[in-house]
Amino acid sequence: MNKAINTRYPVTNVLLLVTALVFIVMQVVRFGEATTAQTIYDFGGLYGLAVKLDPSQLWRLVSPMFVHIGWEHFFFNSMTLYVFGYQLEAIFGSRHFLLLYVLSGIMGNVFVLFLTPNVVAAGASTSLFGLFGAMVVLRYHSRNPYLQSLGQRYVALLLINLALGLFRPEISLVGHIGGVVGGALASVFLPIREEQELFTSRQQRLALLLYVVLTVGLIVSALV
């Protein structure tokens, strides 16, 4: 058990725990109906049209990261978070990794709100694709040979998973793309442990400004 759960990465462990608890509660409370659109929405899924009618539900830009539609969806995303979460928490540090995960998920859900408001969406994949986007940025900017090599693998994973999304209509491709954008921007203003000065202060400020402007702009456009 000590090898399976590494206590050096508390954020990944907590994210996995919260995700599992939400999924278990869904199965118990809505036994047999845990994958319906109503259940997904009731437990925090994103439905853009409802948010447009009631902007006080903008909290749904965060909650879908912890809600999953069925066992396959839950296990696949949990295993992805388990494998890549440990890697990126080691690279970014716990605090910055948490911000990267959440900011990526928010951007992904903002894209869903703006581009596909008529669907009920949920899942950690918006955040997970943000991790891919962050590593792609490191692939081309880090001077560390290990991060360059690791980042190259993430480039391949990103391209393969985006391509798969083209052939599976149940997958929110816009959410994945939004997550990539959010993660790529966040990786600029969230320094990694080994290269604190990888990006200049000006680049960090510009990336943060772009993230905020893009997020706020898409939300406002979606709600008007």
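One is the number of the first residue; the rest follow in order along the sequence.
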Between [X] and [Y], is there a donor-acceptor pair closer than 3.5 Å when you use the side chain of the first and the backbone of the second?
X      : Y      : value
Gln148 : Ser142 : yes
Thr39  : Glu33  : yes
Thr80  : Phe76  : yes
Tyr47  : Tyr41  : no

If you round to the nearest 0.5 Å, how far is [atom2] of [Y] from [atom1] of [X]?
X      : Y      : atom1 : atom2 : answer
Leu88  : Tyr101 : CG    : OH    : 12.0 Å
Asn118 : Lys52  : CG    : NZ    : 11.0 Å
Leu138 : Ile91  : CG    : CD1   : 6.5 Å
Thr12  : Asn6   : OG1   : CG    : 9.5 Å
Tyr86  : Phe97  : OH    : CZ    : 10.5 Å
Asp42  : Thr36  : CG    : OG1   : 7.5 Å

Do [X] and [Y] belong to the same hydrophobic cluster, where Ile, Leu, Val, Met, Phe, Trp and Tyr are linked whenever their side-chain heavy atoms lie under 4.5 Å apart, directly or via other members?
X      : Y      : answer
Ile24  : Ile69  : no
Leu98  : Val62  : yes
Val180 : Phe84  : yes
Leu150 : Val83  : yes
Val220 : Leu115 : yes

Derivation and outcome, side-chain contact (heavy atoms from CB on, under 4.5 Å), residues Leu15 and Phe66: CA-CA 8 Å; Leu15 290 172; Phe66 305 100; 3.8 Å; yes
Side chains of [X] and [Y]: closer than 4.5 Å at any heavy-atom pair?
X      : Y      : value
Phe199 : His141 : yes
Leu147 : Ile192 : yes
Leu61  : Ile219 : yes
Met26  : Ile40  : yes
Phe132 : Leu162 : no
Arg30  : Phe43  : yes
Val120 : Gln38  : no

Heavy atoms from other residues, nucleotides or ligands near CZ of Arg193 exceed 12 (cutoff 6.0 Å): yes
Gln196 CD: over 12 foreign heavy atoms closer than 6.0 Å: yes
How far apart are the closest heavy atoms of [X] and [Y], and which atoms are they?
X      : Y      : answer
Ser78  : Leu16  : O-CD2, 3.4 Å
Leu100 : Phe92  : CD2-CE1, 3.9 Å
Val110 : Leu218 : CG1-CB, 3.4 Å
Pro191 : Gln204 : CG-NE2, 3.8 Å
Ser104 : Gly183 : OG-CA, 3.2 Å
Glu89  : Val11  : OE2-N, 3.1 Å

Partner set under side chain to side chain donor-acceptor pair (under 3.5 Å) for Thr116, not counting sequence neighbours: none
Steps toward ring pair (Phe, Tyr, Trp, His ring centres under 6.0 Å) verdict (Phe23, His68): CA-CA 7 Å; Phe23 186 77; His68 289 85; 7.2 Å; no
side-chain contact (heavy atoms from CB on, under 4.5 Å) between Asn161 and His176, worked out: CA-CA 9 Å; Asn161 280 280; His176 291 176; over 6 Å; no
Residues that, via side-chain heavy atoms closer than 4.5 angstrom, fall in one hydrophobic cluster with Leu209: Val213
Residue of the set Ile106, Val188, Val181 for which side chain to side chain contact (heavy atoms under 4.5 Å, CB included) holds with Tyr211: Ile106
Residues Leu198, Arg143; criterion side-chain contact (heavy atoms from CB on, under 4.5 Å); working and verdict: CA-CA 8 Å; Leu198 182 60; Arg143 295 178 293 274; 4.1 Å; yes
Glu194 vs Tyr146, side chain to side chain donor-acceptor pair (under 3.5 Å): CA-CA, chis, key distance, verdict: CA-CA 11 Å; Glu194 299 298 325; Tyr146 166 73; over 6 Å; no
Sequence-distant partners of Arg168, salt bridge (charged side-chain N to carboxylate O under 4.0 Å, His left out), two or more places apart: Glu170
Plane angle bin for Phe74 and Trp71 - parallel if under 30°, tilted between 30 and 60°, otherwise perpendicular: perpendicular
